[in-house]
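Reviewing the structure listed below.
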Amino acid sequence: MKQIAAQSGLSLATVDRALHQRGKVHPQTLHRIKQAMADLDLQQKASQARGRTIYFDVIMHTPVRFSELVREAFISQISSFVSFRIQLRFHCYENMTVADVDALLKKCAVSSHGIILKAINAPELVPTIENLIKQRIPVVTIVTDIPDSARLRYIGMDNYTAGKAAAYMMSKWLKTESGCIAAITGSEEFIGEQERIGGFISGIGQFIPHYKIAVISGGFGIDRLMYECVSQFLHHDRQIDAVYTVGGGNSGILQALAEQNINPGAFIGHDLDRENRALMQAGKIDVLIEHNLQLDAQNAFKTLLAFHRFLPESDNQTPYSRINIITRFNMSF
C-alpha cells in the first residue's frame, strides 16, 4: 500500500480505505489508485525482463535480397532497447509452402516471445496464429498482411496508396495517346502486392485512363522465375510501354524485355535493395518506392514487448510507415 500511495500521490489512509472499501471513495481517486497499481505492475515486469534474453522469431517468405535488407534493419535497432537482451532468430526462405510456414510457426512457439511474419495470405495460417496468441505468443505481420488472423497489427506502408503514387508518377512520364503498362507482381497470394496493384490500376484509371494495364503474375520476385513469366507474356503480346513491378526480380524482368528489344519509357519498382540500387545507378530503373524498415523494426519490437507488458502500450500507433520516393539523385550510397 505504501508503494501504491507513493505512485498515486495519495495518502496511505486513502489507499487503505479504497482497497478495503471502508467508506466512500471518489471515482477519480479510485481511478488514480487503479492506474498506480497498473503502473507498478508494468514496472515490475519490465524490471524482471531487464537482462533477460527475449527471443523474437522473424519468418519471411521473400527473395534473399529483401531478407538481407530486413535482417540489417532489424539488427540495427536492437541497441535501441538496451533494457532488454533481444535475440533475433531469422527464418527466411525464397521458396516456402503454406505448410512450411505453418510448421515454422508451430516450431517457434516452443521458445519464442513473439513472431514477426511475412507470408502469403493463406486461410490455413489463421487458426495457427490464433493458437499462438492463446499461448501468449504474439504475432505481427510486416510488408504484407493476413488481415483475418489474430495478429496484433500490420506493420509497413499503405500498399494501396503506394500503388496509386506509382500511377501518378507514371502518368507524368507517358505522354502518348495510348499504350500498355505492365503491372508485374510476384504472386497473387501476397495481399500487400495485390493492394499495390489495386492502387496502381485505380490511379491509372484516374490519371491516364486511355492506357491499358496488363497484369503479369508469378515468380515470387526471383529473377529466373520472373524472367520466365515475363517472357511467356511477351510471346503473346509484345507491346509494353512502361513497367510497374511490385515484387522484385527486376533483373529477370529487364532481361526478358531486352531480348524482345523493348525499352520501357518508365520503370518503377519497390525497395532499395542491392540489386535495385545497381539497376538504378545503371539507369534501368527510374523510381523506387520504399519505406523505413528501421522504424518498422522499432514498431515491431515495441508491439511485442508491450504485449508482455515489458513496455507500456502506445495509444498513438502510426497506422502505416511513411512512403519514400527514391531516384538516382537522392539515393544514398
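Being a predicted model, the structure only gives us computed values, none of them experimental.
With a 6.0 Å radius and a threshold of 12 heavy atoms from other residues, nucleotides or ligands, E72 has its CD atom at or below the threshold. The environment of CD in E188 is sparse: at most 12 heavy-atom neighbours from other residues, nucleotides or ligands sit within 6.0 Å. A 6.0 Å sphere centred on NZ of K175 holds more than 12 heavy atoms belonging to other residues, nucleotides or ligands. Within 6.0 Å of the CD atom in Q232, the count of heavy atoms belonging to other residues, nucleotides or ligands does not exceed 12. The 12-atom threshold is exceeded at CZ of R274, counting heavy atoms of other residues, nucleotides or ligands nearer than 6.0 Å.
No donor-acceptor contact under 3.5 angstrom links the side chains of T128 and N131, judged on distance only. Side-chain contact check for S111 and R89: at least one donor-acceptor pair (N or O, by modelled atom type) lies under 3.5 Å. Looking at Y211 and T176, their side chains do bring a donor and an acceptor atom within 3.5 Å of each other.
With rounding to the nearest 0.5 Å, the separation of CD1 in I253 from NZ in K284 is 14.0 Å. Interatomic distance, N121 CG to E124 CD, rounded to the nearest 0.5 Å: 10.0 Å. To the nearest 0.5 Å, the span separating CZ on F329 from CE on M280 amounts to 10.0 Å.
Heavy-atom minimum distance, M170 versus A266: SD-CB, 3.6 Å. Between A166 and I268, the shortest heavy-atom contact is O-CD1, 3.6 Å. Across all their heavy atoms, G218 and M226 have their closest contact at O-SD, 2.9 Å. Closest heavy-atom contact between I116 and A300: CD1-CB, 4.0 Å. What you find for G283 and R328 is that their closest heavy atoms are CA-NH2, 3.5 Å. Taking both residues in full, the closest heavy atoms of A109 and Q135 are given as CB-OE1, 4.2 Å, listed atom of the first, atom of the second, then distance.
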Discussion item. I'd like to know whether H291 forms a ring pair (Phe, Tyr, Trp, His ring centres under 6.0 Å) with Y320, so could you lay out the CA-CA distance, the side-chain angles of the two residues, the decisive distance to 0.1 Å, and finally the verdict.
Written reply: CA-CA 10 Å; H291 64 286; Y320 295 111; over 10 Å; no
Worksheet item: side-chain hydrogen bond (donor to acceptor under 3.5 Å, both in side chains) between N276 and N250: does it pass, once the steps are laid out?
Response: CA-CA 7 Å; N276 286 341; N250 294 326; 2.8 Å; yes
Item to complete: Please step through salt bridge (charged side-chain N to carboxylate O under 4.0 Å, His left out) for the pair D145 and R151, ending with a clear verdict.
Response: CA-CA 9 Å; D145 198 11; R151 66 15 172 197; 2.8 Å; yes
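Both V243 and I326 are part of a single hydrophobic cluster, where members link through side-chain heavy atoms under 4.5 Å apart. The hydrophobic cluster containing I146 does not contain V58, counting ILVMFWY residues as joined when their side-chain heavy atoms lie under 4.5 angstrom apart, directly or transitively.
Relative ring orientation between H308 and H113 is described as perpendicular, the plane-to-plane angle rising above 60° on a 0-90° scale split at 30° and 60°.
Between V143 and T62, the closest side-chain pair of non-hydrogen atoms is not below 4.5 Å.
Judged by a 6.0 Å distance limit and a 45° cone about the ring axis, K172 is not positioned over the six-membered ring of F207.
The six-membered or imidazole ring of H270 lies near that of Y244, with a centre-to-centre distance under 6.0 Å.
Under the ring-ring contact (aromatic ring centres under 6.0 Å, His included) test applied with F301, the options F307, F84, F81 reduce to a single match, F81.
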